[in-house]
Amino acid sequence: MYKNRFNKRETITFKHFLNKGYALFSCLGREVIVGTLSVATLTCAKADGISTRRPEANPVGDDKEVLLEEVEVKGSLAPLAMGKAARMVTVLTREEIQAAPVQSINDLLKYAAAVDVRQRGPLGAQTDIGIRGGTQEQVAVLLNGIDITDPHTGHNSAEYPVDLSEIERIEIIEGPASRLFGTSSLVGAINIVTKMADRSSIDLNTEGGSFGYFTIGGRTNAKTGKFNNQISGSYKRSDGFSRAKSGALNADFKGGKAFYQGGFNDSGIGIRWHTGMSIKDFGSNTFYGTGSDTQFEHVAKTFAALQGESKKLWLHIKPAVYWNRTFDRFEYFRGKTSPVPYNYHLTNVFGTTLNLFFDTPMGRTAFGAAYRNEDIVSGNLGKPLDKPKHIDGTARDYKYGLNRSDISFHLEHNVLLENFTLSAGFVVLKNTWNKRRFGFYPGIDASYRLGEHFKLYALWNTSLRTPSFTELFYNVGGHIPNPQLNPEELSAIEGGVKYTSRGIYGSISVYHNRYKNMIDWIAGEKEGKRVWRSVNFTKVNTIGVETNMRFDLSELLPRQKILKSLQLNYNYIDQNKRGEGGFVTESKQEYLRHKLVAALQTHIATGIDLGLNYRYQKRNGSYTDRDGISRKYSPYSLFDARLSWSKPSYTVYTEVNNLLNNKDYIDFGNIPQPGLWFTAGINVRIETLP
């Protein structure tokens, strides 16, 4: 899928033109006669970002090709053009975000075939996100390239201080990514990229719907010279779709977000900064057991980051520094501290990264280092503190905690030939919490362009994941903690082919993931009772096949004006777990064996568009229902729709989720999911200064 995005550039005289499928004028599908013109930048459905820098000399590539600026991707340590990169990166573009019938970023991720989104509640109340059979603990979550993964628990990682209206694109890196993002990215990473308005403006939006749902938000931007500043905020609430046995609310939600981002850009340097906050309260239903159906949770997260980039030096320097803070309070019985007291956790993460790259006749080389410190104080997780810390607003203290640091060094070299790309590199990492030496994790990505339309690629990568604080110290319900857990490790190979032509994009890939030192809970006996102990116990082999197809129907069928695009994505996984014989394990391998996603976009009349989305899922594994009966997960299908009427300054829309009112589908055992959900809203944009 190609979309045009035009940026201002200095006038360039073209001396060489190509007629390849990925070249600019071929993509336009028409004859062009020019002497001078401004360069147009292309984005692609499988891109990983957009370069806004001027074209640079390609140290080893064909000079004819670099006269036309290409999309820049981040599937490697060094920025590479889309036509050169090998790594599989899925991008949900701004256009796709605007057309999707969703109320949160987590809802949007459901439409990516390789992503497993398991929601315990709607509106992003609590969401576990996995990639290619991995768990929520094994995926790095980033905001504008900054790691915001929560070391306390993966349940809290999918929290963002921004709304959908702030998102430029979502990048999904599939496969081991420790070489890129460190110890959180065992099976992949998700990067949320926010947008900055290109001129001073104001945006307002509001929507409401079923179950007392209401949200209101806005954004204002002020651009003056080389500076750009933008601030946004929103509030969201719902009564929830279910009730406790007592009739009380137990799936309600309310929360607010605030986000400020700014930037400075000139020809030699770029600086970008952001800070934000997300606060939410939500009924937790039976999220953590069936002993109470009035569980409740309060989560407050704060984010801040500063990033820089040099543009003219032969050595490109990209430093960053960041701080993330998370406060969590869990109530097993809502509003009652007896018989189960509240759980309190406070996590602070400080990190800094330094990435550098340079070009030589031998290719493009990238290197750098990263440091990340993670600190938690808690009412029940960690080692006893020498000096307890007071919990604000209570009569209690944090009595436990842990402080640990990651340090890593990375190196990568890229050989870029006319039709061939080879990226090879490694990362060495160490965590202060264990006694292991530096671990060495290499990887190789290669691709070969076969003719005008096909590209073959093959990958081999390794990665690791540091255990979360919960895995190290969880001690509730007969669980015995194990602070000596080793990191999980993964070695993965992947091969595939991509096809691109006018109006058609397609890809198919086959991957094999080999996990070792997987963290699992094994059963034992203590004082006549069953207990669970966390150990590095399991090896897992995963084989998967992923296919993606997109048809630009308006280009393939130009005589008709109704059908705009059709997208079909499918992912299949088979997973085999091996451990030492004779043990009962708690892991249930609840991965998605089949996932099929389809999206049809249509144009009904001037300014009126209709989008239809379909999702089929078949989950492996089983769960125990509230009557103590073991049941397998059943396959289910869901239909969603969005109807919109757009004008230059506003858009009015209505959305229906779960159109057929399916109330029998389950993503987590014992946790009900909502039926038909109706919403309607309006977005208004006001241009201020030019």
Side-chain angles (χ1 to χ4, degrees), residues 106 118 120 124-130 134-143 146-161 181-186 190 277-282 284 287-288 295-304 322-332 341-351 372-385 388-389 391-392 396-406 431-434 465-477 479 481-483 485 487-488 519 521 534:
N106 296 329
R118 306 183 71 184
R120 288 186 170 92
Q126 188 180 87
T127 305
D128 292 351
I129 299 175
T135 71
Q136 76 278 359
E137 302 285 3
Q138 299 168 342
V139 175
V141 180
L142 304 102
L143 177 64
I146 298 297
D147 191 348
I148 61 171
T149 309
D150 195 323
H152 167 208
T153 172
H155 296 320
N156 288 340
S157 288
E159 303 287 346
Y160 327 100
F181 306 117
T183 61
S184 304
S185 51
L186 187 73
I190 295 172
M277 175 178 289
S278 171
I279 300 175
K280 67 181 184 181
D281 297 305
F282 57 97
S284 303
F287 289 6
Y288 302 102
Q295 299 168 41
F296 181 82
E297 195 154 1
H298 168 82
V299 180
K301 305 195 76 168
T302 306
F303 311 86
Y322 63 92
W323 170 62
N324 306 324
R325 181 184 186 273
T326 304
F327 171 79
D328 177 273
R329 182 186 75 246
F330 173 69
E331 305 171 13
Y332 194 73
Y342 296 167
N343 283 343
Y344 290 92
H345 311 283
L346 178 63
T347 306
N348 281 280
V349 177
F350 169 81
R372 178 180 171 95
N373 179 264
E374 301 171 339
D375 182 88
I376 186 172
V377 289
S378 171
N380 64 339
L381 292 178
K383 298 179 179 180
L385 297 174
K389 299 181 179 181
I391 303 175
D392 292 339
R396 294 175 54 187
D397 293 329
Y398 295 112
K399 297 182 178 180
Y400 303 91
L402 181 71
N403 185 282
R404 66 186 185 187
S405 297
D406 280 311
N431 190 285
T432 60
W433 125 88
N434 61 31
R465 181 186 72 86
T466 303
S468 68
F469 292 139
T470 298
E471 290 172 315
L472 292 170
F473 296 105
Y474 186 70
N475 59 2
V476 178
H479 291 77
N482 181 5
L485 288 174
E488 296 180 334
I519 297 171
W521 296 84
S534 59

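One is the number of the first residue; the rest follow in order along the sequence.
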Apply side-chain contact (heavy atoms from CB on, under 4.5 Å) to Pro487 and list each qualifying residue two or more places apart in sequence or on a separate chain.
Trp433, Asn434, Arg436, Leu464
Measure from the side-chain N and O atoms of Thr432 to the backbone N and O of Ser405, and report whether any donor-acceptor pair falls under 3.5 Å.
yes
Please report the interatomic distance CG(Leu485) to OG1(Thr466), rounded to the nearest 0.5 Å.
11.0 Å
Looking only at non-hydrogen atoms, find the nearest pair between Asn475 and Pro481 and report the distance.
CB-CD, 3.8 Å
Can you name the salt bridge (Lys or Arg N to Asp or Glu O under 4.0 Å) partners of Glu297, sequence neighbours left out?
none
What is the distance from atom CD1 of Ile391 to atom CG of Leu346, rounded to the nearest 0.5 Å?
9.5 Å
Value rounded to 0.5 Å, distance of CZ in Phe473 from CD1 in Ile376:
9.0 Å
Got a sec, which residues hit salt bridge (Lys or Arg N to Asp or Glu O under 4.0 Å) with Asp328, two or more places apart in sequence or on another chain?
none
Among residues at least two apart in sequence or on other chains, which ones pass side-chain hydrogen bond (donor to acceptor under 3.5 Å, both in side chains) with Asn380?
Ser378
Looking at every non-hydrogen atom in both residues, tell me the closest pair between Ser184 and Asp147 and how far apart they are.
OG-OD2, 3.5 Å
Separation of Asn324 CG from Thr302 OG1 (nearest 0.5 Å):
9.0 Å
What's the verdict on side-chain contact (heavy atoms from CB on, under 4.5 Å) for Val141 and Ile129, showing C-alpha distance, side-chain angles and the deciding distance?
CA-CA 9 Å; Val141 180; Ile129 299 175; 5.7 Å; no
Could you tell me whether the side chain of Pro483 reaches within less than 4.5 Å of the side chain of Leu402, counting heavy atoms only?
no
Contact check, side chains of Leu385 and Val377, non-hydrogen atoms, under 4.5 Å
yes
For Tyr332, ring-ring contact (aromatic ring centres under 6.0 Å, His included) partners two or more places apart
none
side-chain contact (heavy atoms from CB on, under 4.5 Å) between Phe287 and Phe330: does it pass, once the steps are laid out?
CA-CA 11 Å; Phe287 289 6; Phe330 173 69; 5.9 Å; no
Asn348 side-chain N/O to Trp323 backbone N/O, donor-acceptor pair under 3.5 Å
no
State the CZ-CD1 distance between Phe303 and Ile148, to the nearest 0.5 angstrom.
4.5 Å
How far apart are the closest heavy atoms of Thr149 and Ala140, and which atoms are they?
OG1-CA, 3.5 Å
side-chain hydrogen bond (donor to acceptor under 3.5 Å, both in side chains) partners of Asn106, counting only residues at least two apart:
Thr127, Tyr160
Which residues pass the ring-ring contact (aromatic ring centres under 6.0 Å, His included) test with His152, not counting sequence neighbours?
His345
Check: Thr326 side chain, Lys301 main-chain N or O, donor-acceptor pair, under 3.5 Å:
no
Tell me, yes or no, whether the heavy-atom count around Tyr400 atom OH, taken from other residues, nucleotides or ligands under 6.0 Å, exceeds 12.
no
Give the minimum heavy-atom separation between Ser157 and Asp150, together with the two atoms involved.
OG-N, 3.0 Å
If the condition is side-chain hydrogen bond (donor to acceptor under 3.5 Å, both in side chains), which residues does Lys280 pass it with, not counting sequence neighbours?
Glu159
Does Pro151 have any side-chain contact (heavy atoms from CB on, under 4.5 Å) partners at least two apart in sequence or in another chain, and if so, which?
Thr347, Val349, Arg372, Glu374, Arg404, Phe469
Results of side-chain hydrogen bond (donor to acceptor under 3.5 Å, both in side chains) for Asp281 - residues two or more places apart only:
His298
dist Gln136:CD -> Asn156:CG (nearest 0.5 Å) comes out at 10.5 Å
Sequence neighbours excluded, the answer for side-chain contact (heavy atoms from CB on, under 4.5 Å) partners of Tyr342 is Arg329, Glu331, Thr337, Tyr344, Arg396
Residues at least two apart in sequence or cross-chain that pass side-chain contact (heavy atoms from CB on, under 4.5 Å) with Glu137, listed by chain then number, are Thr135, Thr153, Arg465, Ser468, Glu471
Verdict with reasoning, Thr183 to Asn431, per side-chain contact (heavy atoms from CB on, under 4.5 Å)
CA-CA 9 Å; Thr183 61; Asn431 190 285; 5.6 Å; no
